[in-house]
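In the text below, chain A, chain B and the rest are named by the order of the sequence lines, each starting its count at 1. What you are looking at is a predicted structure, and each value in this text was computed from that prediction instead of being measured.
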Amino acid sequence: MPAQFAAKRLGKELQKISNSLPPGIELVSANNLEEWLLDIQVLDNNPLYQNEKYRLKFRFGSSYPIEPPEVIFVKVPDRPIPMHPHIYSNGIICLDLLGTGWSPVQNVESVCMSLQSMLTGNTKDERPPGDEEFVRANRLRPKDIEFYYHDNDV
Amino acid sequence: MDTDDEFMSNVSSEDDMLPDDSDNDLSGDEDFGFDDEPDHYIIDSQKDGAEKRKAAYDISFKVYQPADVQKQQNDLIDEVNMILDISKEEAAILLRHFRWNKERLIEDYMDRPGKVLDAAGLSRSSAGPPKMQVIPDFMCDICCEDEPGLESFALKCGHRYCVHCYRHYLAQKIRGEGEAARIQCPSEGCNLIIDARSLDILVTPDLTERYHELLHRTYVEDKETLKWCPAPDCQNAIECAVKKKDLDKVVPTVTCLCGHRFCFGCILNDHQPAPCELVKRWLKKCADDSETANWISANTKECPKCNSTIEKNGGCNHMTCRKCKHEFCWMCMGLWSEHGTSWYNCNRYEEKSGTDARDAQARSRISLERYLHYYNRYANHEQSARLDKDIYHKTEKKMVQLQKESGMSWIEVQYLNSASQALQTCRQTLMWTYAFAFYLARNNLTEIFEDNQKDLEMAVEALSEMFERPITELADPKLKVEIMDKTSYCNKRRVILLDDTAQNLAEGMRTRISFWSVRMANK
Ligand SMILES: [Zn+2]
Ligand SMILES: [Zn+2]
Ligand SMILES: [Zn+2]
Ligand SMILES: [Zn+2]
Ligand SMILES: [Zn+2]
Ligand SMILES: [Zn+2]
């Protein structure tokens, strides 16, 4: 449950994104201040992601935004997990922005935009190395995984 | 002969540090005879007294207590503060940024001060000392708070946040992530480091202690030549000049003032004579094969003659069955009477000829057998060392008793303490000789190694046996002399083994003829 001081920030964020979001990003649900769902899609014609929407689940801890939110892709009908060398097939994202590279100035909207451009710039139709084993063995929450950030340009 | 380039190459390429401390100089280096060329391995024939020569396995090191560590830092800060004419806070930040390489800092700063200050997050501007401010119409980008009178803070970069958010952020960094010296401005992509003066006004009292402790720790953590003693509650640091790339030819065992003996290379407990890489592989193998090997380290076995259950309760391998008085060796279950003679072969693994192992199954059985031979002995010494330690705890009691019975003084019974110490140290060494032997390449050095191992092992078992005698016998002055002799003999054999092995390691690395090999063990 977000602490008092985070509630105001999340409230403001929600107010802002309910009114307007950049193209390709939609708010699906934000019924409380713990878990939000958003859909994203790429805007250019990258063939890997044409005509697809992807669902993101945000979870906010008690020290958001000092600490990053937990962000994963979730699989529901019509919302697959996007193919990307930094996205595991269980939806876990290896992106330093969501870990050591987090800044409290970042927000839900900026995270969505970063993920959007991470997809847009990708040309590789593949999963991270060791995806199968990772997905089979992983019982950790994303924040407890020691990612080795492959490289952050992709 | 099986040289192992694969192993040698992966140890020597670890010199990629920031902002590079290629020449890590040791201030006060007169105490360090050790450098890249291990020239002190050469016996100095002029002073042929054994104690004059530095043993090949014996490395130089120095222990620093917390006050020493603090003083070293302060001295460096003062020096830089004077030479570069910058404040002490800035000197401290710059030194931390340069990983305490003073020469490098001074050189770079003299060249291009602006660039150095920028890189360390100390960009100059005309704005006075850092302070909290109330700015009209300010809204904090982190918490979105905008009430009038909200105190805020910004570094020289101008990224301004409210004081509450700043404090949350710092608490997260300091308490959560253990950062102190290189905390950056909370703004995204801003690399400006929060300087000590700003932290002084921002860090809340409940965090200052932890913060200073973390700052203090960077000094040791940044230097390749310094490490914290890993013993719980010990705050000393050890300085040792052995570098990462040398770990294939030396095993840098150091002893802290608190008494803890550990390897400076990998921080594990003393594992001489085995090099760190070998230890790592061995421990991994043991963990992987733990199920196969588990049954061996059990505390009970059956007497090979009458099958009654025998429990091991001391370190000694010489077992005498209570029931049938059969004397046998706990390790190989062979007759003990054969162990004192030149037939003694308990330590050596007889390689089975490969020709009768045509199928994969037979080969894998042989390789398991070979592993178990060494694992068995490794685990046994580990266990015996523990049991000897139990006995050591009883030693004090014993000594008090002994004083009563024999009229000996406290000083006069100290030989039991020395014996107990020797047993534990020697067993620790023996234990690792078996891991080592598992990876030994077969050549003329192997036999010398195994002979040394055997000599030490026999001496240790003999001492262990005397050490376990009942008090009434211990009171006999003749046994006391024997124990004292055996104790010093054990220590001497250990020194010889370590010395020979260390020389061979260094020599093998120089001539590229591998003394041990990883591939060897996997065949
Ligand atoms: Zn704030
Ligand atoms: Zn900044
Ligand atoms: Zn210590
Ligand atoms: Zn080591
Ligand atoms: Zn028996
Ligand atoms: Zn034996």
Side-chain angles (χ1 to χ4, degrees), chain A residues 1-20 30 33 36 60-71 95-115 117-118 137 141-149 152-153, chain B residues 16 18 121 137-155 157-194 198-199 202-204 206-207 210-211 288:
Chain A
M1 182 63 197
Q4 197 56 42
F5 100 105
K8 186 152 187 171
R9 151 86 180 240
L10 280 167
K12 284 251 179 169
E13 275 196 57
L14 188 55
Q15 201 183 347
K16 179 163 182 291
I17 65 177
S18 306
N19 288 333
S20 76
L33 296 182
W36 296 359
F60 307 100
S62 59
S63 1
Y64 180 81
I66 301 301
E67 284 191 67
E70 179 184 302
V71 185
L95 176 67
D96 85 328
L97 167 69
L98 298 172
T100 53
W102 173 258
S103 153
V105 184
Q106 300 277 6
N107 53 45
V108 173
E109 183 181 320
S110 71
V111 169
C112 288
M113 287 168 71
S114 297
L115 288 169
S117 76
M118 177 172 136
R141 302 291 298 270
K143 73 173 171 58
D144 298 320
I145 301 171
E146 292 249 358
F147 279 123
Y148 163 71
Y149 299 107
N152 293 311
D153 320 319
Chain B
D16 49 346
L18 265 186
D137 295 327
F138 167 75
M139 191 195 79
C140 171
D141 279 341
I142 295 177
C143 64
C144 299
E145 204 61 71
D146 56 2
E147 62 187 42
L150 184 64
E151 274 196 307
S152 65
F153 182 85
L155 292 170
C157 58
H159 299 122
R160 182 169 293 279
Y161 305 103
C162 84
V163 170
H164 308 290
C165 284
Y166 241 112
R167 289 190 166 142
H168 273 292
Y169 175 74
L170 292 176
Q172 161 68 14
K173 291 287 171 192
I174 293 167
R175 197 172 283 133
E177 296 168 30
E179 266 189 53
R182 297 183 187 94
I183 305 177
Q184 297 179 338
C185 163
S187 182
E188 184 202 344
C190 180
N191 297 327
L192 196 61
I193 288 166
I194 307 180
S198 299
L199 284 166
L202 289 167
V203 170
T204 45
D206 58 317
L207 282 175
R210 177 77 182 135
Y211 165 65
D288 291 349

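The number of heavy atoms from other shown groups lying within 6.0 Å of CE (A:M113) does not exceed 12.
Not counting sequence neighbours, the partners of B:A171 by the side chain to side chain contact (heavy atoms under 4.5 Å, CB included) test are B:L207.
In terms of heavy atoms, A:P104 sits closest to B:P186 at CD-O, 3.4 Å.
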Could you list each N or O donor-acceptor pair linking chain B to chain A at a distance under 3.5 Å?
{"from": "B:D141", "atom 1": "O", "to": "A:R9", "atom 2": "NH1", "distance (Å)": "3.3"}
{"from": "B:I142", "atom 1": "O", "to": "A:R9", "atom 2": "NH1", "distance (Å)": "2.7"}
{"from": "B:E145", "atom 1": "OE2", "to": "A:K8", "atom 2": "NZ", "distance (Å)": "2.6"}
{"from": "B:P186", "atom 1": "O", "to": "A:S103", "atom 2": "OG", "distance (Å)": "2.4"}
{"from": "B:E188", "atom 1": "N", "to": "A:S103", "atom 2": "OG", "distance (Å)": "3.1"}
{"from": "B:E188", "atom 1": "OE1", "to": "A:Q106", "atom 2": "NE2", "distance (Å)": "3.4"}
{"from": "B:E188", "atom 1": "OE2", "to": "A:Q106", "atom 2": "NE2", "distance (Å)": "3.1"}

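Counting heavy-atom pairs under 4.5 Å between each of B:C143, B:C185, B:C190 and chain A puts B:C143 at the top.
Contact of B:C165 with chain A is made through backbone and side chain together, with heavy-atom distances under 4.5 Å.
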